[in-house]
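Here's the structure, in structure tokens; my notes come after.
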Amino acid sequence: MIDAEETVVGWSQAASELLDRTGDDVLGRPFESLLAAPPTGQISRGAAAPMWHGSGEPVDVNFLAVPLQGLPYRLVLITATELAHEVELGTSLYRALLAQDQIGFVVRDNDLLVVQANANAWKHFLPAGSSLKEAMNPEDAAAAEAALRTVLRTGLPQAAHEQHVRSLTEPDAEWSLSVSAVRLTDRMSSPLGVAVLLTDATAQWLANRRLRLHHAAAVNVGHSLDVTQTAEDIAELLVPDFGTMASVDLAEAVLEGDEPPKSHSGEGDLHLRRAAVRSAGGAWPSALLQPGDRIPRLPTTQGIRRLLEGRTVITDRAALEQALADPSVIPLIIPDSGRSLAIAPMVGRGMVLGVIAVWRTEGVAPFTEEDAGLLSEIAAHAALSVDNARRYLREHRASVVLQRRLLPKGSITTTTVDTAGVYQPAGGGADIGGDWFDAIPLPSLRVAMVVGDVTGHGLHSAATMGRLRTAVQTLADLELAPDEILTRLDELVTRLAAEADPEHRDMIGATCLLAVYDPITEQCTLASAGHPPPLLVTPSGDTSPIPLRPGPPLGVGGLPFETATIPLEPGSMLALYTDGLLGYREAEVDVDQAIAHLGARLAEYQLSGTPLGEAARGLISQQAAAADDTALLLSRVKPLEPGAVSHWEFPADPAAVAEARAAVQRKLGDWGLDDIAFTTELVVSELVTNAIRYAGGPVGLRLIRDAVLTCEVSDPSNTQPRLRRARDTDEGGRGLFLVAQLSQRWGSRYGATGKTIWAEQSLSP
């Protein structure tokens, strides 16, 4: 304190601490003597000058002389220049932040109540004394409060933290804020509150959300070639990131794999069917159209026309209700809480493949033009995925239909053999291939069993399979031996490869296994062209691969095929399969272990008496998602009825013909077949006479009684019998003609030492 002559008359403890000088040093001295240099400015208005410190060094200070009313003294306020500058900057910064309307500035106390906020929208949003939960959604408030209390407790600043904010006062309003916060302390470092800087990043947040949604559409939609699954992926993508509820409706033709019409005679009927739905609330409301329901005919409106033109439509509940008009349709289309609707067509190559409809409910901001643009882009990508799935569905269905038409029925039952076959496409039905099986009844109760595997997958493999199966049936009807049939098939595959384009020739090939079972001898003859070995299961359950030396796959050529003949005990099970059942294409599969595992399963079914069809389905069910398609043919042999076969042998003597007729007559009488005795004797007479006349002896005669009566005559000649029409003047040449007329069918086959001619007669009335 100084008097009128500017003599120091008072000195505070703070002054002593600032200048390190006591009152005894300065009281009574002129104030100017304390200055190390003349002041800049007038003392009464504020000045700056260095003052002498107790250490002898000058200290820069700012000072201001304030008059005291009623007393002849002035109070001189002194502060270090550095501190004064700091205070001036702080005050200036504080005023600048409070004046901002682009950057939010909020000061909160230790209870996180607003002390002060800057101008305009921020002050309106954050009034003084308000808490966080009074300004935003409780979940958002809890997250923000937890972050600010961490700053208060630790003193560690929060930098550019993304905070999602939903307003309580404006239900549709939501923002994304970039929040930075620092702790405020006094000179003793005690917390006073937090200073919070807020930047509105809503525009960037919305842009990033659209970008993420667009990227998710590119990644998650289109990975499936199933039309319905693609629709479900679209709906899942849009909820909840884009809307509250979403539905995907596809053209009925698309669901069948066909192209929808490029024009609609009735504009309001788009011929759509609901394919997929999704709701953020969980279950799809039961009052709305469900997946599989047909979209009703809608009135012709401007919105329908815009959809047909390929444009996205945005509307609200009131406008849509007015446009629909029909009160019965409104609850099927509009959800109870629906507020804003965005609907986009999926257009591909000028065709409306379907529509995507997304609802936003109460409490969510309505759709904008930016949202419409995003939905249009998603719909365009979705249309490409849906069209790809549709075209795959069409080709796959065509391939499946072709293959099913080419494959035989699942099972056949004869007097001596029961069979059951199953085919499983690769990937649980997603891809078809060239695997096939067949069971072909042959004359004399014999049965040919075939399983094969054409290289590759798809329609071309199925078509090749059909050609090979037809060839096998034709060759089997010629009663060729299994190795001879494979030789002919090998030549066929070689020709097919030669006919193919050069780049596809290496892809044409097949493996095949052929078995012919003769119930009279109870023997089975097998031959393999590069195929896995069949498995034999005895009635007691003993299982083993049949020792068979496989030849090369079909189409390789140059090496012979070998046969193996094994006895089959009645009740035995024979399993023929393709490599898909063993999982050849799976990683680290040991083939021997896979065959052993298959044999163990077959033994279980054999011992339990499981029907063949059930056993076949049980075995192949393991291959639901296999990488290769699978064909399986199970056969179980049965014994002949006792006394169903009679056999005689005669010398090459014309007199033996009468003996043969007599033997046949007696046997038919024993069997109760006297009604066909005359025709049978005539057939036997002609066949035995031809054998004696043209082939020599001995001549074998065999009768087999089953659903038909089979007459077999064997001779040592390999001459091919020919059916011809004799002239009126010819004395012979009518034998085979008579046999053909009196029989249901006839034919011949060759053995190791001669041939056998057979003829069948029906036993039905």
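All residue numbers refer to positions in the sequence shown, counting from 1. Just so it is clear, the model here is predicted, and its values are computed rather than measured.
- Taking 4.5 Å as the limit, some side-chain heavy atom of L289 sits within range of a side-chain heavy atom of P296.
- M346 has its side chain within reach of I356: a pair of non-hydrogen atoms, C-beta onward, lies under 4.5 Å apart.
- For L237 against A216, the heavy-atom pair with the smallest separation is CD1-CB, 3.4 Å.
- Other residues, nucleotides and ligands contribute over 12 non-hydrogen atoms within 6.0 Å of the CZ atom of R349.
- Counting heavy atoms from C-beta on, the side chains of P138 and K133 never come closer than 4.5 Å.
- Atom CH2 in W52 sits 12.0 Å away from atom CG in L19 (nearest 0.5 Å).
- Counting non-hydrogen atoms of neighbouring residues, nucleotides and ligands closer than 6.0 angstrom, the CD atom of E309 exceeds 12 such neighbours.
- Counting non-hydrogen atoms of neighbouring residues, nucleotides and ligands closer than 6.0 angstrom, the CG atom of D336 reaches no more than 12 such neighbours.
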Full working for side chain to side chain contact (heavy atoms under 4.5 Å, CB included) between L93 and L89: CA-CA 6 Å; L93 175 63; L89 285 177; over 6 Å; no

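- Inter-residue side-chain proximity for T22 and D25 is flagged as met; some heavy-atom pair is nearer than 4.5 Å.
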Test log, rule salt bridge (Lys or Arg N to Asp or Glu O under 4.0 Å), inputs D241 and R212: CA-CA 10 Å; D241 292 339; R212 288 195 301 269; over 6 Å; no

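- Looking at every heavy atom in both residues, W359 comes nearest to I333 through NE1-O, 3.8 Å.
- Among residue pairs with one or both ends in residues 242-253, those qualifying as side-chain hydrogen bond (donor to acceptor under 3.5 Å, both in side chains) are T244-T361, S247-R274, D249-R274, E252-R273, E252-R294; sequence neighbours excluded.
- For the pair L198/V196, a side-chain contact is recorded, criterion being any heavy-atom separation below 4.5 Å from C-beta on.
- The ring-ring contact (aromatic ring centres under 6.0 Å, His included) test applied to Y94 returns F105, not counting sequence neighbours.
- Judged as a side-chain hydrogen bond (donor to acceptor under 3.5 Å, both in side chains), the pairs with a partner in residues 57-73 (not counting sequence neighbours) are, in order, N62-T81.
- Here the side chain of N388 pairs no donor or acceptor atom with the backbone of G222 at under 3.5 angstrom.
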Step-by-step side chain to side chain contact (heavy atoms under 4.5 Å, CB included) determination, L18 to M51: CA-CA 10 Å; L18 176 64; M51 295 185 70; over 6 Å; no

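- Interatomic distance, E377 CD to L374 CG, rounded to the nearest 0.5 Å: 6.0 Å.
- Across all non-hydrogen atoms, the minimal contact from V151 to P157 is CG2-C, 4.5 Å.
- In terms of the side chain to side chain contact (heavy atoms under 4.5 Å, CB included) criterion, residue partners of I330 (sequence neighbours excluded) are, by chain and number, E321, L324, I334.
- Counting heavy atoms from C-beta on, the side chains of P260 and V352 never come closer than 4.5 Å.
- Side-chain contact between L34 and R21 is present, with at least one heavy-atom pair separated by less than 4.5 Å.
- Summarising the geometry of L288 relative to P331, their closest heavy-atom pair is CD2-O, 3.3 Å, with the distance given to 0.1 Å.
- Separating the OG atom in S12 from the CG atom in L75 is a distance of 8.5 Å, to the nearest 0.5 Å.
- In this structure, the separation between OG on S385 and CG on D233 is 9.0 Å, given to the nearest 0.5 Å.
- For the pair Q290 and P285, the tightest heavy-atom approach, listed with the atom from each and the gap, is NE2-O, 2.9 Å.
- Between the side chain of R311 and the backbone N or O of P345, no donor-acceptor pair lies under 3.5 Å.
- For the pair W284 (side chain) and A276 (backbone), a donor-acceptor distance under 3.5 Å is absent.
- In this structure, the side chain of Q116 does not engage the main chain of V114 through any donor-acceptor pair within 3.5 Å.
- Without hydrogens or angle criteria, S190 side chain to D186 main chain gives no donor-acceptor distance under 3.5 Å.
- Side-chain polar atoms of D326 and S328 form a donor-acceptor pair below 3.5 angstrom.
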Derivation of the side chain to side chain contact (heavy atoms under 4.5 Å, CB included) call for V66 and L64: CA-CA 6 Å; V66 181; L64 172 68; 4.2 Å; yes

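- In the model, N208 has no side-chain atom that pairs as donor or acceptor with a side-chain atom of Q204 under 3.5 Å.
- Sorted by first and then second residue, the ring-ring contact (aromatic ring centres under 6.0 Å, His included) pairs involving residues 206-227 (not counting sequence neighbours) form an empty list.
- Every residue two or more places apart in sequence or in another chain that forms a side chain to side chain contact (heavy atoms under 4.5 Å, CB included) with T40 is listed here: A48.
- In this structure a side-chain-to-backbone donor-acceptor pair under 3.5 Å is present from S340 to F367.
- By the neighbour-count criterion of 12 heavy atoms within 6.0 Å, atom CD of Q229 is densely surrounded, having more than that number from other residues, nucleotides or ligands.
- With D20 contributing its side chain and S55 its backbone, the two residues share no donor-acceptor pair below 3.5 Å.
- Looking only at side-chain heavy atoms (C-beta outward), R360 and D371 come within less than 4.5 Å of each other.
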Verdict with reasoning, V194 to L112, per side chain to side chain contact (heavy atoms under 4.5 Å, CB included): CA-CA 8 Å; V194 290; L112 299 183; 4.0 Å; yes

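- Among all heavy-atom pairs drawn from E5 and D3, the shortest one is N-OD1, 3.0 Å.
- Of the possible polar contacts, none joining the R278 side chain to the I234 backbone as a donor-acceptor pair under 3.5 Å is found.
- Judged by distance alone, with hydrogens and angles left aside, the side-chain atoms of S180 form a donor-acceptor pair with the main-chain N or O of A160 at under 3.5 Å.
- Rounded to the nearest 0.5 angstrom, L353 CG and L255 CG are separated by 10.5 Å.
- A distance of 10.5 Å separates OG1 in T315 from CZ in R306, rounded to the nearest 0.5 Å.
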